[in-house]
Amino acid sequence: MPFCPNCSTEFVDGTDTCSDCDVALVADRPVRKQDDEGSHAKTDFVVLRSYATRMEAEMIVETLANEGITGLIKSNEAFGMGTGLGVMAPTRIQVWVSQDDLQVAGDLADSTIDPV
Ligand SMILES: [Zn+2]
């Protein structure tokens with residue numbers, strides 16, 4: 001179906017001008033999915049702080065979320081190894097944030113919990 005390159009409204013076949021924008025319709029749909037993925041990939045996540053426990057990291061992520069900042073938790077915990085507790089290397093839980101949020105997130109994190 002033709003669509004308007006200006007407002008992206010779809011029209012029925014046979015229409016050749018957007019009634020709103022008065023521009024010629026084009027045949028291909030805009031590929032919004034790729035655009036979204038592209039902009040998502042451009043966000044650079046960096047390590048904000050490391051914590052000794054997941055509980056602390058989750059507390060930080062929650063604090064950040066309250067300020068509208070997305071925090072990700074990454075850790076070197078070994079999942080599903082069946083090795084039991086106490087035999088794994090010391091765990092460091094990392095909280096990652098967008099590069100853009102690093103400054104604000106750092107202040108928030110340090111006022112919540114002292115980093116390791
Ligand atoms: Zn239009």
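First listed ligand is number 1; within each ligand, the first listed atom is number 1.
- With a 4.5 Å cut-off between side-chain heavy atoms of Ile, Leu, Val, Met, Phe, Trp and Tyr, the cluster of L25 takes in F11.
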Could you pull out every donor-acceptor pair under 3.5 Å between side chains of residues 15-23 and any protein atom, sequence neighbours left out?
| unit_1 | atom_1 | unit_2 | atom_2 | d |
| --- | --- | --- | --- | --- |
| T15 | OG1 | V12 | O | 2.9 |

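- Q94 meets the side chain to side chain donor-acceptor pair (under 3.5 Å) test with W96; sequence neighbours excluded.
- Side-chain atoms of R49 and I60, non-hydrogen and from C-beta on, never get closer than 4.5 Å to each other.
- Using a 4.5 Å heavy-atom cutoff, the side chains of E56 and I93 are not in contact.
- Distances shorter than 2.8 Å separate the Zn ion (ligand 1) from the protein N/O/S atoms C4 SG, C7 SG, C18 SG, C21 SG.
- The shortest side-chain heavy-atom distance between L64 and V104 does not fall under the 4.5 Å cut-off.
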